[in-house]
Peer 1: 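The following block contains the structure, expressed as C-alpha cells.
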Amino acid sequence: MSTPTSADVRYRPMRFGVTRGVLREGEAGVRYLRAEQPLEVHAERMTDRLLHWARTAPDRVFMARRVRNADGSRGDWQAITYGQALQSARSIGQALLDRGLGVDRPVAILCENSLEHALMALGCLYAGIPYSPVSSAYSTVSQDYDKLRHVLQTLTPGLVFTTDARTYGRAIRAAVPPDVEVVLAEGEIEGRATTPWQALLDTEPTPAVDDAMAATHPGTITKFLFTSGSTKLPKAVINTHRMWCANQQQMRQSMPVLAEEPPVLVDWLPWNHTFGGNHNVGLTLYNGGTYYIDDGKPTPALIGETLRNLREIAPTVYFNVPTGFEMVAHAMKADTQLRRNLLSRVRMFFYAGAALAQPVWDLLHEVQEQEIGERIVMGTGLGMTESSPFAVFITSPEVKSGYLGLPTPGMELKLVPIEGKTEIRYKGPNVTPGYWRNPEASQDAFDEEGYFCTGDAVLWIDEQDFHKGLKFDGRIAEDFKLATGTFVSVGPLRAKIIAAGAPYVWDAVITGLNRNEVGALIFPTPKIRQLAPGLPADAPLKEVLESPAVQAHFQDVVDRLAREATGSANRVARLHLLEVPPSIDKGEVTDKGSINQRAVLKHRDDLVQAFHEDRQPFTLKPHKDKA
C-alpha cells in the first residue's frame, strides 16, 4: 500500500527545516551533498543549557519517573526541576572532584534510566569528568559478564555508580575491580564496601566545582558511548561538548518543532544508546523540555506500563523503535483514552533503529485519521553513535518506509560507489574524533579526506530531483553474493519479508552467501501464538512454530514473496522459523532490540548450513505452481 500524496491527506502542521541540498561532483563517481542552509551559532557546552534553564525556568520539571512501590509496581510521579537539577549537579560534581576523577578515571554508570542516573550524569558534566552509561543488559541479562568486563577494562573507571544492589550486585561482584569505589543508591552488596548515593548529594559545593565547569570547553569529553559490539567487542565512542551541542542545534534546524515550545517526552529508550541518551535526553535539556522516564518497553510483559504512561502524559513529540510503534498502534485502535491523550498535542512521531514496516505505518495513519481527522508526521532519518547521532532527516511529510532525506545543517555527506552500492560517509562538528584507547580502529574509521565511513548504503529517492534526498539501501557489510555472482541487497529484502509476515515476524536474517539461492531465518513475535489457537497458552514455542496452522500461514508468506520476486537476488527460496531467541552475550541483539545479521549467521552457522543443505526440518519452500 503506497502512501497518498499531500493532495489526498492532511497532516498536523509541522515545518521542515531542510528542504533543499547542495550537490557537487567529485572524482571517480564520488558526490558530496550538504544542506543549503548553514549551521547557526549554538551553545559551546551542554552545561550552558542547564545553567540557562535553571536561571530562566527553575521550577519547570526537567525529568520525572514513577516511584517504585514495595511490590515492584510503579506509583505516582517523582519530579526534578531545572533548579534542583543544577543544585544536585554542583554537589555531585564537587564529590567527584574530591575523588580526583578525570578522563583516565571516569565514572561508569551501571543502571537503567532513572532520576539518580540523570543527576549523576549532570554532576559529571558540571565537573568536567567523563562518564559512561553502560548497557544494563551487560549486568542483568548477560550470563558471563564478558562485555561488562571489557567495558570496564577499556574505561578504567575510578567510580562505579548503580541504583539497586539487588539487580546489579552480582555483576558488580563479578566484574568491578575491588579497588574501584562503588556508589549505591539502594541496598547493600555482600562482601563489598559501598558509598551511599546520599553522601554525594549531601556534599557541599565549593567554588572549585564552578571553576571546573568554567574550565570545560567544546573539546572536553562528556561521555563514552559503547557500540553494540555485535561482531567484535564494543568500542568506546568519544563524545564531546562540541559534538553534542552542534548536533542539538542541527536537530533544531532540521526539526523546528523542537524550538517552538518546550518539548515533552515519554521515553523508554536506554541512555547507553545514542538515540536515548544523546538524542532524546539532549533535546530535552537543550530546549528546556520535560522528560518522563517510561519504565515500560516494547515487550509483551512491559508494554502495559508504556500504555499507562501515554494515557496520562501527552507528549509533544514521541520517539520509539518500530516494534514499539507497532504495539502502540494496535493498542490505540481499541483504546479510546490512549488514542485521545497520545494524539492530543503530539506534533511528530519519530522512529529509528530498524525499518518500520509499511502495514504499521498504515495502521498508525488509520488510527490518527479516525481520532483527529489528520495524520501525524512520521519523522525518521539516519544517524549513528559516531554522529551524536542525528545526521540525515526527511524533507516533507510524504514519507515511505526507508526514506531518509537530506543532511542536517553543518554536515557534509560523501557518497561513494562501492561494488554496485553507494556508501554514505559523514563529516561535520557532530562527528566523533574517534574511539577511546583504540587508535587503530579510529584510523580505520575515516577515509583519506577525513569522512567517517558508516557502512550504510543509500539510493536517491528521486534520481531526477536530489532535493528529495536519500533512502536506505541496507548495510554494505551485510550484503553478499550468491554462488552465481548475483549481489543480494539484504536491507530491502529484509524489510520486504518483515512487511509480508507482519505482525508475526519480529526480524529476518538473510542467508545464502556463496549458495545458489537466498534463504530467510525468521525471529517470530509473540503474536505468532495467535495462529495456533488450539494449542495451550504455555505450549513450547517449538511446538507452536511446527504446528500445521503456523506452517501453513508461512507457506502462504513464502509463496507470496516468490510471486513478487524479480530474480534470484530477491527471491526467498527457503524459510525457517527460529525457536531460540537472539542472544545478547553473543552480540546477536542489542538491548534496544536491533538484530545483527552477521552475528546471527556466525553463531548459528551449523543451522544455516543444515538449512541450505535440506537437513533442517520444517524448512518452507515456495510451491512451484504458486511462485
Side-chain angles (χ1 to χ4, degrees), residues 1-4 8-14 66 74 77 255 257 263-269 275-276 280 290-380 394 397-401 403 498-499 501-506 525-530 592-593:
M1 179 177 177
S2 61
T3 303
D8 303 313
V9 299
R10 186 176 68 182
Y11 286 87
R12 179 165 286 178
M14 189 188 107
R66 291 190 187 274
R74 290 285 168 181
W77 293 99
M255 302 183 287
V257 64
V264 175
L265 276 65
V266 180
D267 194 46
W268 69 270
L269 290 156
F275 187 11
N280 293 355
T290 300
Y291 186 112
Y292 290 89
I293 297 174
D294 174 17
D295 283 292
K297 213 171 184 180
T299 66
L302 296 175
I303 189 64
E305 181 67 14
T306 292
L307 301 179
R308 174 197 181 193
N309 292 332
L310 291 174
R311 290 187 197 103
E312 184 175 328
I313 307 299
T316 60
V317 288
Y318 185 63
F319 302 89
N320 214 322
V321 295
T323 302
F325 272 115
E326 180 179 359
M327 291 183 169
V328 170
H330 283 285
M332 276 200 295
K333 192 167 185 179
D335 189 327
T336 303
Q337 182 182 351
L338 170 67
R339 189 169 64 241
R340 188 165 297 160
N341 194 64
L342 175 54
L343 299 178
S344 63
R345 61 172 179 174
V346 70
R347 301 283 300 281
M348 177 185 69
F349 284 172
F350 186 109
Y351 81 90
L356 183 67
Q358 195 65 46
V360 178
W361 212 304
D362 296 337
L363 178 56
L364 283 167
H365 286 159
E366 175 190 335
V367 172
Q368 291 158 5
E369 289 177 335
Q370 173 190 345
E371 179 63 31
I372 60 176
E374 58 189 0
R375 295 181 177 184
I376 305 300
V377 170
M378 176 60 82
T380 187
I394 56 170
E398 299 167 20
V399 185
K400 295 181 182 179
S401 183
Y403 280 20
I498 293 173
Y504 308 112
V505 174
W506 176 41
T525 69
K527 287 185 179 179
I528 201 166
R529 292 181 178 273
Q530 298 174 1
K592 197 176 68 175

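Worth knowing before you read on, the calculation uses all heavy atoms, side chains too, and leaves out hydrogens, waters and symmetry mates. It should be emphasised that the depicted structure is a prediction, and the values quoted were computed from it without experimental measurement.
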Peer 1: Rounded to the nearest 0.5 Å, how far apart are NE2 of H330 and CG of L363?
Peer 2: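 Between H330 NE2 and L363 CG, I get 5.5 Å after rounding to 0.5 Å.
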Peer 1: I would like to know whether I303 and L307 meet side-chain contact (heavy atoms from CB on, under 4.5 Å); could you show each step before the answer?
Peer 2: CA-CA 6 Å; I303 189 64; L307 301 179; 4.1 Å; yes
Peer 1: If I compare all heavy atoms of V367 with all of L343, which pair ends up nearest, and what's the gap?
Peer 2: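 Reported closest heavy-atom pair: O-CD1, 4.3 Å.
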Peer 1: Could you state the interatomic distance from CG (D295) to OG1 (T306), rounded to the nearest 0.5 Å?
Peer 2: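 So the gap between those two atoms works out to 9.0 Å.
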Peer 1: Could you check whether W268 and E305, counting side-chain N and O atoms only, form a donor-acceptor pair closer than 3.5 Å?
Peer 2: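 Note: E305 and W268 side chains miss the donor-acceptor criterion.
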Peer 1: Quick one: pull up CE in M332 and CG in L364 and give me the separation to the nearest 0.5 Å.
Peer 2: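 Separation between the atoms: 5.5 Å.
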Peer 1: From E312 CD over to Q337 CD, what is the distance, rounded to the nearest 0.5 angstrom?
Peer 2: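 Answer for the CD-CD pair, E312 versus Q337, is 9.0 Å.
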Peer 1: Step by step, work out the side-chain contact (heavy atoms from CB on, under 4.5 Å) result for T380 and I394.
Peer 2: CA-CA 6 Å; T380 187; I394 56 170; 3.8 Å; yes
Peer 1: Name the one of F275, F325, Y351, F350 that satisfies side chain to side chain contact (heavy atoms under 4.5 Å, CB included) with N320?
Peer 2: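 Filter result, single survivor: F325.
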Peer 1: Would you say K527 has more than 12 foreign heavy atoms packed within less than 6.0 Å of its NZ?
Peer 2: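 Correct, the count exceeds 12.
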Peer 1: Do E326 and P503 come within less than 4.5 Å of each other through their side chains, counting heavy atoms only?
Peer 2: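 Sidechains of P503 and E326: in contact.
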Peer 1: For V328 versus L338, what's the shortest heavy-atom pair and its separation?
Peer 2: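 Between these two residues, the closest heavy atoms are O-CD2, 4.4 Å.
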Peer 1: Using only atom types and a distance under 3.5 Å, with no angle test, would you say the side chain of T316 pairs donor to acceptor with the backbone of V264?
Peer 2: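 Present.
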Peer 1: Can you confirm whether E398 sits close enough to Y403 that some side-chain heavy atom of one is under 4.5 Å from a side-chain heavy atom of the other?
Peer 2: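 Counting from C-beta outward, E398 and Y403 never come under 4.5 Å.
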Peer 1: Can you measure from CZ (R339) to CD (E371) and round to the nearest 0.5 angstrom?
Peer 2: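 It is 5.0 Å, given to the nearest 0.5 Å.
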Peer 1: Taking atom types as modelled, find out whether Y291 and N280 have a side-chain donor-acceptor pair closer than 3.5 angstrom.
Peer 2: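 No, no side-chain donor-acceptor contact under 3.5 Å.
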Peer 1: Looking only at non-hydrogen atoms, find the nearest pair between R12 and E374 and report the distance.
Peer 2: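 For R12 and E374, the tightest heavy-atom pair comes out as NE-OE2, 3.3 Å.
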Peer 1: Measure centre to centre between the rings of W361 and F349, then say whether the value is under 6.0 Å.
Peer 2: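 No: the rings miss the under 6.0 Å criterion.
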Peer 1: Between Y11 and H365, how do the two ring planes meet: parallel, tilted or perpendicular, split at 30° and 60°?
Peer 2: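 Plane angle over 60°, so perpendicular.
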Peer 1: R311 and D335: which non-hydrogen atoms are nearest, and at how many Å?
Peer 2: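 Looks like NE-OD2, 2.7 Å.
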Peer 1: Would you say V360 and P322 make side-chain contact, with heavy atoms under 4.5 Å?
Peer 2: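 V360 vs P322: side chains apart.
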Peer 1: Any chance you could measure R10, atom CZ, to I372, atom CD1, to the nearest 0.5 Å?
Peer 2: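 Reported to 0.5 Å precision, the distance equals 9.0 Å.
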Peer 1: Identify the two heavy atoms, one from D267 and one from G276, that lie closest to each other, and give their separation to 0.1 Å.
Peer 2: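 The pair with the smallest heavy-atom distance is OD2-CA, 4.5 Å.
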Peer 1: Hey, mind stepping through M378 and V399 against side-chain contact (heavy atoms from CB on, under 4.5 Å) and telling me if it holds?
Peer 2: CA-CA 7 Å; M378 176 60 82; V399 185; 5.7 Å; no
Peer 1: Evaluate I313 against W77 for side-chain contact (heavy atoms from CB on, under 4.5 Å), listing each step before the verdict.
Peer 2: CA-CA 11 Å; I313 307 299; W77 293 99; 3.9 Å; yes
Peer 1: Are the side chain of R347 and the backbone N or O of V257 linked by a donor-acceptor pair below 3.5 Å?
Peer 2: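 Side chain of R347 to backbone of V257, a donor-acceptor pair under 3.5 Å: no, none is there.
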Peer 1: What are the two closest non-hydrogen atoms of V266 and D294, and how far apart are they?
Peer 2: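 Reported closest heavy-atom pair: CG1-CB, 4.1 Å.
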